[in-house]
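Below you'll find the structure, written out as structure tokens, and then a few comments.
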Amino acid sequence: MKVPFFKPCIGEEEKKAVLEVMDSGWLTTGKVTHEFEKEFAEYVGCRHALAVNSNTSGMILAMEACGVKKGKAVITTPYTFVSTAASAVHLDADVFFADIEKDSYSISPESIEEILKNDTEHKVVAIVPVHVAGNLCDMEKINALAKKYSTSENKIYVIEDAAHSFPSKTSRGFAGTLGDIGVFSFYATKTITTGEGGMITTNDDALADRMQKMRLHGMNRDAWDRYTSDKASWEYDIIAPGFKSNLPDVLSAIGREQLKKADDFRKSRIRVVEKYNEEFGKCDFLTLPPTSEGNAWHLYLLQINPDKLDCDRNTFAKELQNAGLGISMHFIAIFHFTYWKEKYPSFTSENFPNAERHYQNTITIPLYPYMTDEESDFVIQTVKEIGKKHHV
């Protein structure tokens, strides 16, 4: 038997919605995308939602709107996909990495504050926490730090990398609405998908206006407005050298149908998670993923306990893969990559012991909506068998 890492849940509703767009004569960003934005904003409870063609594009737009540029810097975690930090580099800014917490994959507020204390030049203009696997960072502490170290000349914004965290929700609100800006991903393996795509959320009118214009070449009117309003279609202005980051209606049609299913998808994932937790909790060679209020459970990050095994993580993972499980690693810490080692040679694993330890011991196992009992049972059985084989 083989169990893939992820299966997209695409039904007849998504197929019908796409065909309706194709038959409409309007394929790019238009009415359907605007409706998707409105529905998403209503779902998470924010003033503005802007659909983009990827989380990465959204991060670049968000950072640019917050003043990330040459001579400025962002603070983020090395325990994330490279696009989080690379977005700042694309804007010619610097990146300061803060270690993650000892017992979670979330960025450490204490490590953030150490950087801010030493930022005597006030280079930092944004803190970018990453809600790894759908489990939320300590946003209350992070927002407090941004406020504490902001000055009248240098405001520090909080940009949530919410790629993993739809629909994570706490008593204070949804992920993506807990800072100044949130950026989601609708990549093929995410909790809802458009194939490729993402969404920016904010309650700040000025930031929303800037990102909306920069999303499409710095243009003050998008194509839908130019060709459907009473104003002359050829008249528009360019207010800045913007980007090309809009989401077309073909993909938004998928997103609207996926949004309707988001709650059911989450409930289905949680049923699998509860089963995993019950069975893996009995294994002394494993540590269960950390969790807290509102976890969306996008991924299941299982840690091996190396003192209970005669093999390392890579060996364990390879045997899982050979046995038929689709597995992944979330994440290879950024300081291990060639580009980042060359750009910041002083940032090494010794500087980030928690990120390094989690990286060395973590395996991401299959988790997706509507996993069958046969599939989840096979995952559990396989993990246990390999653990028993290598147990000491």
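Please read all numbers here as calculations on a predicted model, not as lab measurements.
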Check [X] against [Y] and note the closest heavy-atom contact, atom names and distance.
{"X": "I156", "Y": "A146", "answer": "O-CB, 3.6 Å"}
{"X": "D103", "Y": "H358", "answer": "C-NE2, 4.3 Å"}
{"X": "M371", "Y": "E375", "answer": "CA-OE1, 3.4 Å"}
{"X": "A175", "Y": "F184", "answer": "O-CZ, 3.0 Å"}
{"X": "M63", "Y": "A88", "answer": "SD-N, 3.5 Å"}
{"X": "K102", "Y": "N354", "answer": "N-ND2, 3.5 Å"}

Is a donor on one side and an acceptor on the other found under 3.5 Å between the side chain of [X] and the backbone of [Y]?
{"X": "H298", "Y": "S165", "value": "no"}
{"X": "D237", "Y": "I239", "value": "no"}
{"X": "N53", "Y": "K244", "value": "yes"}
{"X": "H131", "Y": "L136", "value": "no"}
{"X": "N305", "Y": "K308", "value": "no"}
{"X": "W340", "Y": "E342", "value": "no"}
{"X": "N246", "Y": "L216", "value": "no"}
{"X": "S87", "Y": "S83", "value": "yes"}
{"X": "D23", "Y": "E20", "value": "no"}
{"X": "Y300", "Y": "L288", "value": "no"}

Verify the cluster assignment for [X] and [Y]: are they in a single hydrophobic cluster under the rule of side-chain heavy atoms below 4.5 Å apart?
{"X": "V125", "Y": "I112", "value": "no"}
{"X": "V18", "Y": "W26", "value": "no"}
{"X": "F347", "Y": "I115", "value": "no"}

At what distance, to the nearest 0.5 angstrom, does [atom1] of [X] lie from [atom2] of [Y]?
{"X": "D119", "Y": "N154", "atom1": "CG", "atom2": "CG", "value": "7.5 Å"}
{"X": "T189", "Y": "L367", "atom1": "OG1", "atom2": "CG", "value": "11.0 Å"}
{"X": "M199", "Y": "T33", "atom1": "CE", "atom2": "OG1", "value": "8.5 Å"}
{"X": "I107", "Y": "T76", "atom1": "CD1", "atom2": "OG1", "value": "5.0 Å"}
{"X": "S349", "Y": "R357", "atom1": "OG", "atom2": "CZ", "value": "13.5 Å"}
{"X": "T201", "Y": "R47", "atom1": "OG1", "atom2": "CZ", "value": "13.5 Å"}

Note to self: Does V130 form a side-chain contact (heavy atoms from CB on, under 4.5 Å) with Y79? I'd like the steps, not just the answer.
What the structure shows: CA-CA 8 Å; V130 181; Y79 206 85; over 6 Å; no
Checklist line | Check against salt bridge (Lys or Arg N to Asp or Glu O under 4.0 Å), E64 and R210 | finding: CA-CA 9 Å; E64 195 277 341; R210 176 68 179 184; 2.6 Å; yes
Checklist line | Option among D94, L116, V95 that satisfies the side-chain contact (heavy atoms from CB on, under 4.5 Å) test with I75 | finding: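 Result for side-chain contact (heavy atoms from CB on, under 4.5 Å) with I75: L116.
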Taking [X] first and then [Y], would you say they form a salt bridge - that is, a charged N and a carboxylate O separated by under 4.0 Å?
{"X": "D263", "Y": "K267", "result": "no"}
{"X": "K15", "Y": "E12", "result": "yes"}
{"X": "E37", "Y": "R215", "result": "yes"}
{"X": "K260", "Y": "E13", "result": "no"}

Does a sphere of radius 6.0 Å around [atom1] in [X] hold more than 12 heavy atoms from other residues, nucleotides or ligands, not counting ones at 6.0 Å or beyond?
{"X": "K2", "atom1": "NZ", "result": "no"}
{"X": "E140", "atom1": "CD", "result": "no"}
{"X": "M329", "atom1": "CE", "result": "yes"}

Next item on the list: Test side chain to side chain donor-acceptor pair (under 3.5 Å) on E110 and S108 and set out the steps.
Entry: CA-CA 5 Å; E110 290 72 25; S108 163; 3.2 Å; yes
Does the side chain of [X] reach to within under 4.5 Å of the side chain of [Y], using non-hydrogen atoms?
{"X": "Y157", "Y": "V68", "result": "no"}
{"X": "Y105", "Y": "L299", "result": "no"}
{"X": "Y187", "Y": "N55", "result": "no"}
{"X": "D204", "Y": "I181", "result": "no"}
{"X": "I363", "Y": "R313", "result": "yes"}
{"X": "K261", "Y": "E14", "result": "yes"}
{"X": "C9", "Y": "Y370", "result": "yes"}
{"X": "P109", "Y": "L145", "result": "yes"}

Note to self: Is the distance from the ring center of H336 to that of Y359 below 6.0 Å?
What the structure shows: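 Centroid distance H336-Y359: below 6.0 Å, so yes.
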Check: Are the aromatic rings of Y43 and F174 close, with centres under 6.0 Å apart?
Finding: yes
Checklist line | With sequence neighbours excluded, residues passing side chain to side chain contact (heavy atoms under 4.5 Å, CB included) with N135 | finding: P290, T291, S292, N295
Next item on the list: Tell me, please, which residues at least two apart from F280 pass ring pair (Phe, Tyr, Trp, His ring centres under 6.0 Å).
Entry: Y276
[Y] and [X] aromatic ring geometry - parallel, tilted or perpendicular at 30°/60° bounds:
{"X": "H390", "Y": "F316", "result": "tilted"}
{"X": "F40", "Y": "F186", "result": "perpendicular"}
{"X": "F352", "Y": "F335", "result": "parallel"}

Next item on the list: Kindly determine whether D249 and S252 satisfy side chain to side chain donor-acceptor pair (under 3.5 Å), including the steps that lead there.
Entry: CA-CA 5 Å; D249 275 9; S252 293; 4.8 Å; no
Margin query: What verdict does the side-chain contact (heavy atoms from CB on, under 4.5 Å) test give for R269 and T191, after you've listed the backbone C-alpha separation in whole Å, the side-chain angles of each residue and the deciding distance to 0.1 Å?
Written below: CA-CA 9 Å; R269 290 194 304 274; T191 55; 3.5 Å; yes
Note to self: Checking H48 against Q212 for the side-chain contact (heavy atoms from CB on, under 4.5 Å) test, could you report, in this order, the C-alpha distance in whole Å, the side-chain angles of both residues, the deciding distance, and whether it holds?
What the structure shows: CA-CA 10 Å; H48 306 281; Q212 185 169 25; over 6 Å; no
Next item on the list: Name all pairs fulfilling the side-chain hydrogen bond (donor to acceptor under 3.5 Å, both in side chains) condition that reach into residues 168-184, sequence neighbours left out, sorted by first residue then second.
Entry: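 Pairs touching residues 168-184 that pass the test: none.
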Next item on the list: Please test T193 against Q258 for side-chain contact (heavy atoms from CB on, under 4.5 Å), starting from the C-alpha separation and ending with a verdict.
Entry: CA-CA 7 Å; T193 185; Q258 289 272 296; 3.5 Å; yes
